[in-house]
Amino acid sequence: MDRRVKLDAGIVVWASFLAASLGTMVFFAFIDPLLIGHDLAPPRWIPDRMTGYTIGFFFFWLICALASAFTAFLVDTRTPEERSD
Amino acid sequence: MTDTVNAVIKEPPSTGLYSAHQKVYPREVQGRFNRLRTISVVALLGLFYLLPWVRWDGRQAVLFDLPARKFYVFGLTFFPQDFFLLTWLLIIAALSLFFFTALAGRLWCGYACPQTVWTEVFVWMERWTEGNRQQRMKLDRGPWNAGKLARKSAKQFLWIAFSLYTGFTFVGYFTPIHVLAGELGTLSLGGWEWFWMLFYGFATYGNAGYMREQVCKYMCPYARFQSAMFDRNTLIISYDAARGEPRGSRPRAVDPRSRNLGDCIDCKLCVQVCPTGIDIRKGLQLECIACAACIDACDDVMDKMQYPRGLIRYSTQAAMDGEKTRIVRPRTLIYGTALLALIVGFFIAVSQRTLIEVDVLRDRNALYRRLDNGEIENVYTIRIINKDTSAHRVRLHVEGLDDARLDTDDEVVVVDAESIASIVARIQAPAETKGGRDIEIVATALDDSSFESRAEARFIAPAQ
């Protein structure tokens with residue numbers, strides 16, 4: 001894997017981690033994971049809060065990483081030299 | 001007609017910030033700023049490692065109990081409903097950063113950032129096991145022999161043990177640390193506790209052991225925007241080029257002016273001590289975390305040369321240009337005033353916090369029900385949140401609708417300390433009530449009349 005791809009990957013993972021942390025904090029400040037799906041059938045698909053927070057965090061991380069990766073792909077972060085190679 | 005434009009198009013340099021990484025071997029340094037940083041490291045890490053062990057009212061003083069959704073900070077208990085206070089606190093933190101940056105540059109980076117503080121400790125361990133800068137460079141270049149293996153293993157042992165203990169302390173802010181320590185003794189930690197302990201430990205190990213200045217260069221958002229808070233009166237670390245240049249070596253006894261030299265003897269110690277591997281003599285750079293290690297190194301050299309100190313020093317652009325440095329200026333005034341107002345407001349908000357709160361949810365199954373006597377009834381689920389450390393007896397009543405009654409199974413609801421009671425309330429209004437009406441549901445603590453909380457709700461009656 002060339003340097004640029006590695007660097008982009010690092011930035012994507014890191015930026016989305018920060019955004020996901022913020023998202024998780026705000027989301028679960030207002031929503032108790034135990035109440036998700038509470039009055040739907042089948043009820044209570046989240047067994048306990050820690051699992052709920054974790055699923056939420058990784059879900060946010062994934063979505064943010066997708067947005068971040070797509071952005072990195074669209075803006076083309078290569079230097080002119082790398083592009084002409 | 002064609003105009004020919006003779007322009008030299010400059011390719012952006014492919015090196016610079018994103019050039020291939022070279023390992024930095026910071027040289028040890030002694031001096032007043034290094035002493036200041038050591039004090040800061042001991043104070044901040046001491047706080048981090050000791051705070052979870054502090055007890056308050058028979059429980060851990062600072063505990064963020066995520067599974068129970070309760071946050072204890074000394075005598076106070078916070079609930080997710082207090083989220084705005086956290087947001088407020090974060091805004092205060094951000095504004096303090098702006099204020100101190102405008103005043104004194106990257107103070108945060110050089111003395112207080114966890115990245116700096118933990119890296120400092122990891123570098124100490126590196127020194128204890130692998131020796132000074134020269135010895136470390138030689139060790140890395142040399143072949144793998146018993147000595148190298150022993151030194152590297154000793155370093156890894158210290159690093160890993162310290163990282164794991166850091167991870168353990170981190171989890172101790174979320175799970176009572178005494179319980180955690182007991183569980184660790186019997187290796188019976190829960191899955192998430194293991195996960196977060198290893199995760200945080202690994203992050204510490206990676207960031208402080210290997211990433212180091214690269215975190216500041218590539219990952220830190222503050223490093224990228226801090227220059228926006230800078231102006232001509234901001235304290236920066238600067239090399240006095242007018243005094244130092246032309247640089248060059250010379251015997252101690254020689255008057256530099258006689259050889260047409262400035263005060264810089266070009267010993268390169270300022271470069272060797274730099275944890276980010278830059279040369280401050282090239283001017284202020286993005287990588288500079290303002291740790292002042294180069295000041296300490298240079299002052300030491302100036303003392304030995306019997307030149308005045310301060311060839312590299314804390315200064316401002318204004319001072320370097322021979323103007324007066326202004327501490328009070330619109331930027332610092334605005335940041336400072338806003339910061340003060342937010343801090344005062346925060347303490348008022350915390351002290352005036354209502355300890356009882358009500359949440360109202362309408363019953364979703366039916367808009368209204370007509371009772372046998374013709375009255376109209378709406379049903380609500382009411383959550384009473386008691387943030388106080390003692391239980392309260394709470395009575396509910398309704399306001400905003402004439403002759404309406406609020407009816408619950410028990411006339412008085414007992415809400416335990418730091419808990420939430422969920423009860424069903426029926427509001428009955430006279431038969432002639434028409435249309436939607438805004439009402440208020442009021443909770444009053446019977447044992448303490450100062451506790452009263454209101455929530456708005458909607459009462460729905462037939463339109464005709």
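In the text below, chain A, chain B and the rest are named by the order of the sequence lines, each starting its count at 1. Just so it is clear, the structure is predicted and the values come from calculations on it, not from any experiment.
In terms of heavy atoms, B:R69 sits closest to A:P33 at NH1-CD, 3.7 Å. When all heavy atoms are compared, the tightest approach of B:L90 to A:M25 is CD1-CE, 3.9 Å. A pairwise comparison of heavy atoms in B:L66 and A:M50 identifies CB-SD, 4.1 Å as the closest pair.
Per-residue heavy-atom pair counts under 4.5 Å with chain A were compared for B:G191, B:P80, B:G190, B:P221, and the maximum is reached by B:P80.
Open room surrounds CZ on A:F70; 12 or fewer heavy atoms of other groups in view lie less than 6.0 Å from it. Heavy atoms from other residues, nucleotides or ligands lying under 6.0 Å from CD of B:Q285 number more than 12.
With a threshold of 4.5 angstrom between heavy atoms, A:I31 approaches chain B through N, CA, C or O but not through any side-chain atom. The contact between B:F195 and chain A is made entirely by side chain atoms (from C-beta outward), counting heavy-atom distances below 4.5 Å. Interface remark: A:T54 contributes side-chain atoms only to the contact with chain B (heavy atom separation under 4.5 Å).
Below 30°, between 30° and 60°, or above 60°: for A:F30 and B:F83 the angle between ring planes is above 60°, a perpendicular geometry.
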